[in-house]
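Predicted model only: the values in this text are computed from it and were never measured. Side chains are part of it too, since the values below use all heavy atoms of this structure and drop only hydrogens, waters and symmetry mates.
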Amino acid sequence: LFRSTATTLGSTVDVPVLATADEATTATITASAVDKAGNRSEDASTTVRIDQAKPTVKFFSVTPDAGSDGIYAVGASVTADFSCDDVGSGIDTCELLVDEVPATTIDTSVAGTRTLAVRAKDFVGNEFISDPIDIRIYYGICPLYNTDQAKNIGSNYTIKLQLCDAGGNNLSSRQITLTALTVDGDVDPGPNDSGKANAGYEFRYNASDASYIYNLDTSTLDAGSHLLYFTTASVPKPRPTDPLVLQSYVDTEPAPFVLR
């Protein structure tokens, strides 16, 4: 019980109201007036609500991708489903953050990583941000070769393809350079070219059908199914020798091929 007395008409008093951190609670403040003759008024009360509780994000999910690996094709439709709640003053805003910036849509027009989160704010300014969800936007590929046709070990395997979006539209251009990174995630043996047509591990661009070509040396590879990984990003020179570092540059769907 706290008592405070004001002796001047119209004056105010501070009334401390205790509230536990991260909790929303209510307090009832009761006041009365006594004149100089000792006459006392009836009590008047008011209830105040103290809100130090952070809001919560009840659920947060992203459109499932085909491979369930958090990778989506450029141009794919990606949506977030989320909801917020607050036990105190109520939810003021419940918004999606894309790379820490409020957004109403998720831009997938450019390859790269997007970090998604949900931020909830209540009416007194308490804030909560959910754990982030990282998604990766990759270029798809449209192979212009028979990916199921097995070729003999040691032969030249011509990988010809186009970069495509989620709708199968060709995004290839001379302004986008493709660089081979690894075969099956390994650098030894790596994506060696069979001649001198792919200097610096770069695909050559074919303007006649807006495609890319890589002549892969298969002499050091084993029989079976393989994946050629590559990137549209700039690879440092000298070229990294750690396969994990090289794989970190991958921003495209890999190109499959089979050897016998």
Side-chain angles (χ1 to χ4, degrees), residues 65-76 111-113 136-260:
D65 58 284
S68 299
D69 53 7
I71 297 176
Y72 302 81
V74 167
T113 300
R136 290 176 291 171
I137 311 301
Y138 275 20
Y139 285 102
I141 65 167
C142 294
L144 301 180
Y145 64 100
N146 186 348
T147 59
D148 296 321
Q149 180 182 2
K151 294 192 176 183
N152 293 327
I153 294 174
S155 64
N156 166 64
Y157 205 120
T158 301
I159 305 288
K160 185 177 182 181
L161 53 83
Q162 295 171 331
L163 290 180
C164 293
D165 64 13
N169 301 300
N170 186 11
L171 302 178
S172 307
S173 76
R174 192 178 298 277
Q175 287 67 43
I176 301 177
T177 299
L178 299 190
T179 304
L181 296 171
T182 71
V183 173
D184 301 329
D186 296 322
V187 294
D188 187 18
N192 298 307
D193 69 282
S194 59
K196 296 183 179 180
N198 300 107
Y201 297 96
E202 290 185 3
F203 285 66
R204 66 183 185 276
Y205 182 72
N206 183 21
S208 64
D209 58 0
S211 66
Y212 300 91
I213 300 173
Y214 197 88
N215 296 325
L216 182 66
D217 176 14
T218 65
S219 60
T220 57
L221 299 175
D222 298 326
S225 298
H226 298 277
L227 294 172
L228 173 65
Y229 289 92
F230 50 97
T231 183
T232 67
S234 177
V235 179
K237 296 181 180 180
R239 184 181 173 92
T241 57
D242 185 336
L244 294 179
V245 173
L246 280 174
Q247 288 296 94
S248 70
Y249 288 95
V250 172
D251 61 359
T252 69
E253 181 183 357
F257 62 98
V258 183
L259 296 177
R260 63 187 177 194

Pairwise disulfide bond (SG atoms under 2.5 Å apart) hits with a residue in residues 171-260, at least two apart:
none

Selection residues 143-255 - residue pairs positive for disulfide bond (SG atoms under 2.5 Å apart), sequence neighbours left out:
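Non-adjacent pairs meeting disulfide bond (SG atoms under 2.5 Å apart): Cys142-Cys164.
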
Write out all pairs satisfying side chain to side chain donor-acceptor pair (under 3.5 Å) with one or both partners inside residues 137-148, taking only residues at least two apart or from two chains.
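Non-adjacent pairs meeting side chain to side chain donor-acceptor pair (under 3.5 Å): Arg136-Tyr138.
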
Pair listing, salt bridge (charged side-chain N to carboxylate O under 4.0 Å, His left out) test, anchored in residues 251-260, at least two apart:
none

So, using side chain to side chain contact (heavy atoms under 4.5 Å, CB included) as the criterion, who are the partners of Pro238 when residues are at least two apart?
none

Who pairs with Ala207 by side chain to side chain contact (heavy atoms under 4.5 Å, CB included), at least two apart in sequence or on another chain?
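With neighbours one apart ignored, the set is Arg174, Tyr205.
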
Results of side-chain hydrogen bond (donor to acceptor under 3.5 Å, both in side chains) for [X] - residues two or more places apart only:
| X | result |
| --- | --- |
| Thr158 | Asn156, Asn215 |
| Ser208 | Asn206 |
| Asn169 | Asp165 |
| Thr252 | none |

Listed partners of Lys160 passing salt bridge (charged side-chain N to carboxylate O under 4.0 Å, His left out), at least two apart
Asp209

Hey, which of Leu181, Ile71, Thr182, Thr231 is the one that makes side chain to side chain contact (heavy atoms under 4.5 Å, CB included) with Val250?
Leu181

Exercise answer: donor-acceptor pairs, residues 221-230 side-chain atoms, under 3.5 Å, sequence neighbours excluded:
residue, atom, partner, partner atom, Å
His226, ND1, Asp184, OD2, 2.6
His226, NE2, Asp222, O, 2.6

Pairwise distance CZ(Arg204) to OG(Ser211) - rounded to 0.5 angstrom:
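The distance works out to 9.0 Å.
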
